[in-house]
**Student:** 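Below is a structure I'd like to ask you about.
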Amino acid sequence: MSKLLEVTGLHASYGDFRVLHGLDFSVEKGGISTLLGANGAGKTTTLRALCGMIKRSGTIRYDGNDIGSKATEEIVRMGVAHVPEGRGTFTGLTTEENLECGAMTRSSRAEIARDMEQVYHWFPRLRERRAQQAGTLSGGEQQMLAIARALMLRPRLMLLDEPSFGLAPMIVQEMFSILRKVNEEEDVAMLIVEQNAGVVLELADTAFVLETGGIVMSGTAAEIRDNETIRAAYLGY
Amino acid sequence: MELLAQQLITGIATGGIYACMALAVVMIYQAIHHLNFAQGEMAMFSTFIAWQMLAWGVPYWLVIPLTVVVSFAGGVAIERLVIRPLGDAPVLSHIVVFIGLFAIINSLAGFIWDFTIKPFPSPFGEGSQFGGLISNHQIGMIAVTMTVLVMLFLFFQYTRVGLAMRAAAENPASARLVGIRVGWMIALGWGMAAAIGAVAGILIAPIVFLEPNMMLSILLYGFAGAVLGGLTSPTGAVFGGFMVGIIENLAGTYIPEIGGELKLPIALFLIVTVLVFKPTGLFGRTVVQRV
Amino acid sequence: MSANTTTTADGQAPAKQGVSLPQPAAATSNAKIMRTAGVILLAIGIAAPFLSGNFLIFQLTMMMIYAIAILGLNILTGINGQFSLGHGAFYAVGAYTAAIMMDQFGIGYLWTLPVAGIICFVVGFLFGLPALRLEGVYLALATFALAVVTPQLFKLSPFEHWTSGVMGIVISKPDAPFGLPLNPDQWLYFLTFAIGLLAYVCARNLVGSRTGRALMAIRDNPIAAGSMGVNTPLFKSLAFGVSALYTGVAGALGAIVVQYISPDSFTFTLSVALVVGLVVGGVGWLPGALFGGAFIMFVPNIAEELSKGLSGAVYGLIMILMMYAIPTGLGGLLKAALTALSKRSMNR
Ligand SMILES: Nc1ncnc2c1ncn2[C@@H]1O[C@H](COP(=O)(O)OP(=O)(O)OP(=O)(O)O)[C@@H](O)[C@H]1O
Ligand SMILES: [Mg+2]
């Protein structure tokens, strides 16, 4: 297997405040990696750095290209969809307009319509609320919308920041099975940040554990899952 | 009764101009969260360009689209060259840059075309309809502004670029995350605002005559309209513009104390009153938002 | 949206840094530099009218008058965080107060200054009341409207008996009192100089006082200030009043020095010039007012030298370039320079 995303020596800072101190990690083509760590470890920052939302340095190779100095919108146009922390809903637009925005970089109207049907099929709640102003959706509905909007890009790589945030346990299961389906059927690679380490380790093939801006542990998801010490020290479950 | 009808029509006709200026102001405000104090001067300059082309003998039906295109390009250029390099400099620095822009455009127009007042022919000719109730130019003003406004509404509501512009204005960070080139959307907004201003300038010039300072009070009425409707609502701004036009004319006619000389202070009064009692404007809704 | 404040007040910024820096020597030397600069400026200021022609003296006097007006605007914007694009209105009220008192009632020019100040304080305070509900760009908008409307207001026919409408009022130039060996221009220069100095000292004391701290607290965090028991509405209106007082006194002086006023002396260009002066000098840095005054007095002349027909465009271009180069004005530049300096001496 070859790597879709390969990151070496990733540094990032907010102004003068340095948060990431040289991370190395990767995502296989069609694979799922997960980034675990305590609150404030720098997981969100890592995802932001990957798609150029904050100042960063180091090499970020995506699909053979160096995207370390590309603008966010250009990275997205290369097929990287980011479900941000806080969902990033366009609150003043309707649900459907939000989804259309997700497909903004694509041109085939027919394909977009088909994918719209598909995400409505996966998230029937969104179909019910299609004409509603997205800012008035419930928190969980907005989370579904964020994931659905990312899918509308037809991405090759998805960066998911706590996709289960605010979702009811049953919906979480459903959402992860949707992600699994997308991963298997569409060959979409994923980098998932999750508090829900138990669930995501079932899904992922590789895991990286982050602590105060550095990677302290990495391995296959199974290794991390089965290692009592790591679980107790870093994942707390 | 006849007087009332006439004043209402005049109000709607000039109100359309204010609506255009208000819309231009709101479009830029939504994109960059600053008020473009040079909006009026940009429109004035566009009008001079139209005048120049007419003087060269270019037919009217060609002058208007050409002016709109040139103004659009000018608006984009100003955004790219002047505003963008400012980045997120403080509000007051932006205000100073707008003042500088104001001075440059005003001085340039005076330099090229001098400061004497010039008559500007109406594209709709002289004459009037319905026994003098409404002049041809007024009919034209109402028709053109309505067309422009409806077209803009359709553009924003039903095209992908329109949607992208709305998304970029509302949440630039999220817009980037779906691959929208936010910088270009802002430039596009500037271009469109300049083009709308050009239409407004051409339509009002036959009434106020052409000179470099012609747009200052028009811009103020535009601001009043924008405030009345809510700076965050393009539709509201349009309604606000029409309402300011109507209020201005009716008050000027029926309240003798106001007459001609207090017309401009009405705009001030409207702005302050609306802002004080209803800061979001009559139509600006505070977006219901869950955090 | 908050004002682009650079420093709290002159002298305070370096002094404050001194507290937080491990080596206070750097800060003291900064304060020393500032004090030396102040003394030199004072000396130049006293010598200038004996070394220059009457027209230059007139220009320098106008520069100081603008500086006083900008100082007032700085109290409002820099210290209290409220915008005004309409301070030309208060300048006009001050100017008309002085002119009408002298023209209609034959009152001595010196008496017009405190009266203009008091009237403008009241007018400013009253304008500050509705302004309480406005913030940032909205306040800028409302005051911009005020600026555009100002000349119209002074043209109104009901007031024509007082204002002489568009004709304006001519004032005669006062001579130096007590047989001082000064010509009228020199006398007005020194009068303005003294008032300017007084205004500056008062402003500094205001900034250092409890009231000043309350004003700055409101600027930095209105909600916190409110919860700390600061009467926010009162202080914000007060800031408007005091600010208008300064600008009104400047307007009265301006009327006396120029010897003529009419509604079109106070177009929105004046209001806008004051804002430009404020920003160029540095929002929140009180001595910046002097540099701002110099900018709006002399740079248009320089622009005229550069290109007669396009002087407005050149002036506008200079303004824009200034904002690219020093978006926080001279005050911001100075602060950055001092910080760099003290950092360097710290590393030594
Ligand atoms: N905009 C910002 N400005 C300054 N510091 C920030 C900013 N955003 C995050 N930080 C800091 O960076 C560090 C990492 O934050 P980050 O959001 O990446 O954590 P996280 O791992 O995503 O945590 P969580 O699980 O709570 O979401 C934290 O110490 C945080 O305080
Ligand atoms: Mg996070």
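A, B, ... follow the sequence lines: proteins, then strands. Residue 1 opens every chain.
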**Student:** With a 4.5 angstrom heavy-atom cut-off, which part of A:C101 approaches chain B: side chain, backbone, both or neither?
**Tutor:** both
**Student:** With only heavy atoms counted, which part of A:L159 is less than 4.5 Å from chain B, the side chain, the backbone, both or neither?
**Tutor:** neither
**Student:** Please name the pair of heavy atoms, one in B:I180 and one in A:E73, separated by the smallest distance, quoted to 0.1 Å.
**Tutor:** O-CB, 3.5 Å
**Student:** Heavy-atom count around A:F165 CZ within 6.0 Å, excluding the residue itself: above 12?
**Tutor:** no
**Student:** Residues of residues 16-28 of chain B under 4.5 Å from chain A (heavy atom pairs)?
**Tutor:** none
**Student:** With only heavy atoms counted, which part of A:R48 is less than 4.5 Å from chain B, the side chain, the backbone, both or neither?
**Tutor:** neither
**Student:** With chain B, which of A:V83, A:L153, A:T105, A:N98 has the greatest number of heavy-atom pairs at distances under 4.5 Å?
**Tutor:** A:T105
**Student:** What's the verdict on side chain to side chain contact (heavy atoms under 4.5 Å, CB included) for B:L177 and A:M53, showing C-alpha distance, side-chain angles and the deciding distance?
**Tutor:** CA-CA 9 Å; B:L177 283 183; A:M53 295 167 81; 3.8 Å; yes
**Student:** Rounded at 0.5 Å granularity, tell me how far OG in B:S174 sits from CZ in A:R149.
**Tutor:** 5.0 Å
**Student:** So which residues of residues 150-170 of chain B are in contact with chain A at a heavy-atom cut-off of under 4.5 Å?
**Tutor:** B:Q157, B:R160, B:L163, B:A164, B:R166, B:A167, B:E170
**Student:** Would you say CG of A:D66 has more than 12 non-hydrogen atoms from neighbouring residues, nucleotides or ligands within 6.0 angstrom?
**Tutor:** yes
**Student:** Step through the shown structure and confirm whether more than 12 heavy atoms of other residues, nucleotides or ligands are within 6.0 Å of CZ on A:R18.
**Tutor:** no
**Student:** Applying side chain to side chain contact (heavy atoms under 4.5 Å, CB included), name anything that partners B:L216, two or more places apart in sequence or on another chain.
**Tutor:** B:F102, C:F144, C:V148, C:F268
**Student:** Would you give the length of the straight line joining atom OG1 of A:T91 to atom CG of B:N171, rounded to the nearest 0.5 angstrom?
**Tutor:** 7.0 Å
**Student:** Show me the donor-acceptor pairs, under 3.5 Å and distance only, between side chains in residues 74-81 of chain A and residues at least two apart or in other chains.
**Tutor:**
unit_1 : atom_1 : unit_2 : atom_2 : d
A:E74  : OE1    : B:R181 : NH2    : 2.9
A:E74  : OE2    : B:R181 : NE     : 2.8
A:E74  : OE2    : B:R181 : NH2    : 3.4
A:R77  : NE     : B:G179 : O      : 2.8
A:R77  : NH2    : B:G179 : O      : 3.0

